[in-house]
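The first residue in the sequence is number 1, and the count goes up from there.
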Amino acid sequence: MSNDAARLIVPSRRKERYLSATCPYTDCKASVEYKPPTVEQVQAVPSNVTTFSVTCIACQRNFDPPGASKTLREVRAQINGGDGKKENHSRRRIGTDEKPLDMTFYDTLGVPANASTEEIKKAYRKLAIKLHPDKNPDDPEGEEKFKTLAAAYQVLSDPELRHKYNEFGPSTPGLINEDGIMDPEEVFGGLFGGERFQDIIGTISIGREMKEALQKDSDELAAEADGQAPSKKDDESMTPEQKAKKEKEEAEKEKEKEEEREKRVTMLAEKLERKLSIYAESIKSADDESLSNEVRQGYREMIRLETEELKQEKYVSGLSDTSFGVEILHAVGFVYAAKSRSYLSSTGMFGTITGFYHAASSSIHTVRETVSTLRAAMELKSVFEELAKAEEDGITEERKKQLEDQAAEKGMRALFKGAKLEIEGVIREVSDRVLYDTSASKQTQRWRAEALGIIGDVYMQVKPNEGETTQT
């Protein structure tokens with residue numbers, strides 16, 4: 001018998017890179033190892049996919065391992081850094097709405113080709129909160145992901161553009177602008193209110209703030225995300241000319257914001273004055289109290305019918321139908337009613353004393369809303385921190401989805417509360433301008449105040465449709 005025949009020979013394999021992880025499910029906790037995704041696997045998934053999952057060998061459940069996002073970025077960096085190019089052998093053809101030529105934008109939003117407009121809006125709002133660059137300062141692809149997301153939403157939310165995209169793909173001329181992203185002011189400004197509310201609240205400034213965030217460099221965004229103020233050292237290193245230039249730019253931005261707000265208030269005051277004049281002109285022609293009552297009832301009914309249309313402006317959150325239209329009406333109605341009471345009281349029997357009382361009540365409401373807005377922002381921050389830590393430590397798919405849903409819901413709530421605070425401030429200015437218009441007689445001012453009170457009362461009484469909730 002030869003020596004080889006008496007020996008135990010074990011086969012070998014090439015050494016491969018394996019990563020270690022522990023299954024995060026409490027009833028498993030198995031120690032496992034896995035190979036990172038290959039270049040071919042990463043190329044096969046959409047660019048908006050930011051992590052990957054591992055199947056536990058013990059319990060056969062999936063989970064996101066620690067550092068999954070970083071590992072995926074490293075593989076993508078290899079792809080982008082290589083000189084090999086992905087070839088496209090598909091023949092040029094025309095797609096249909098049922099079978100689009102290209103699915104990139106649908107994959108970016110994570111929706112099927114037959115998704116409804118409401119489903120597209122829902123997916124965008126959730127991802128816009130999650131992928132915004134100031135929430136991901138350490139992601140080198142963060143800004144590009146957000147641009148791709150906005151471009152996908154711009155196209156798929158517009159029926160005409162969506163049809164063109166379905167037929168000819170993303171290279172269709174005129175489909176998106178040169179940068180591949182629509183104006184954030186248009187996107188975010190339309191999230192709350194929409195066209196139906198333009199004549200009442202105008203365009204809220206959250207879109208402008210989003211645009212300014214996108215225009216900042218990554219270092220500045222990272223510092224703000226960490227709650228850090230601009231470095232004093234940077235200011236000290238500036239020359240007097242550079243400091244003067246910076247101060248001038250900041251002053252010009254502030255002046256531009258003030259001019260935009262003034263333009264907005266002026267436009268809204270003109271719209272509101274015309275609406276109130278319907279009541280003022282009608283009540284002026286009433287010869288007795290019975291006719292005056294008919295005018296009030298008729299005006300109230302007109303506002304009620306308008307309100308039924310306005311309240312349909314809504315969005316669908318990740319968990320349930322939520323009506324922003326109703327919530328905006330309540331906010332505007334509260335200010336209208338408060339301003340009406342304040343004016344009528346200050347010009348009534350007890351004059352200034354009751355006027356002060358209503359002004360104080362309004363101030364207390366503003367303080368409460370401010371505190372509520374800050375609390376919502378802090379809740380959102382805590383969810384993002386928990387999600388980031390969980391992704392680094394390893395997280396189950398169920399828990400990840402739960403945290404992402406919480407982040408989307410709390411993010412939308414925080415954004416809306418900030419927008420609501422702004423809306424109320426603008427409406428207060430608009431109401432004061434109309435009620436205390438020196439070009440109008442005292443009697444006309446009083447009629448305007450009465451009409452404003454009727455509108456406010458109707459707005460505050462509006463209820464959401466069955467199955468909907470409000471952001472309270």
Side-chain angles (χ1 to χ4, degrees), residues 1-91 99 102-104 106-113 127 130-131 136-142 144-145 148-149 384-405 407:
M1 180 182 292
S2 67
N3 289 337
D4 284 345
R7 293 168 62 190
L8 176 62
I9 300 175
V10 178
S12 67
R13 68 179 183 186
R14 291 184 180 277
K15 186 174 181 180
E16 296 181 276
R17 179 192 174 200
Y18 277 82
L19 301 176
S20 299
T22 300
C23 179
Y25 290 96
T26 55
D27 59 346
C28 182
K29 293 293 184 182
S31 295
V32 300
E33 61 179 14
Y34 63 94
K35 288 193 292 186
T38 64
V39 169
E40 290 74 19
Q41 289 174 319
V42 173
Q43 287 179 325
V45 298
S47 60
N48 66 304
V49 174
T50 60
T51 187
F52 63 88
S53 298
V54 169
T55 302
C56 176
I57 190 66
C59 68
Q60 294 299 306
R61 286 177 287 188
N62 298 328
F63 66 91
D64 286 11
S69 297
K70 181 180 178 182
T71 302
L72 194 57
R73 286 199 300 270
E74 290 174 349
V75 178
R76 284 202 171 114
Q78 283 182 340
I79 298 171
N80 296 331
D83 54 8
K85 293 185 178 179
K86 194 175 180 182
E87 295 185 13
N88 183 9
H89 299 286
S90 60
R91 182 170 52 87
K99 293 183 178 180
D102 182 90
M103 285 292 292
T104 303
Y106 291 100
D107 291 340
T108 296
L109 289 166
V111 296
L127 289 171
K130 179 184 175 184
L131 298 180
N136 304 277
D138 297 326
D139 187 352
E141 300 176 4
E144 287 305 314
K145 289 177 185 175
T148 302
L149 177 67
F384 271 114
E385 288 174 347
E386 184 180 356
L387 180 58
K389 186 178 185 303
E391 287 183 336
E392 287 299 318
D393 296 341
I395 185 173
T396 65
E397 286 188 335
E398 291 85 350
R399 180 57 179 158
K400 181 183 177 184
K401 184 178 185 304
Q402 183 183 31
L403 288 173
E404 287 179 346
D405 286 343

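The two residues T108 and T148 make their nearest non-hydrogen contact at OG1-CG2, 3.8 Å. Across F52 and D64, no two heavy atoms sit closer than the pair O-OD1, 3.3 Å. The minimum heavy-atom distance between D27 and R61, with the atom names listed, is OD1-NH2, 2.5 Å. Here the shortest heavy-atom pairing between Y106 and P112 reads CD2-O, 3.4 Å. Contact between C59 and Y25 at its shortest, heavy atoms only, is SG-CD1, 4.4 Å. P37 approaches T71 most closely through the heavy-atom pair CD-CG2, 4.3 Å.
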Full working for side chain to side chain contact (heavy atoms under 4.5 Å, CB included) between L149 and L109: CA-CA 7 Å; L149 177 67; L109 289 166; 3.4 Å; yes
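Remark: Y34 pairs with no residue by the side chain to side chain donor-acceptor pair (under 3.5 Å) rule, at least two apart or across chains.
With contacts defined as side-chain heavy-atom distances shorter than 4.5 Å, the pair C23/V32 does not qualify.
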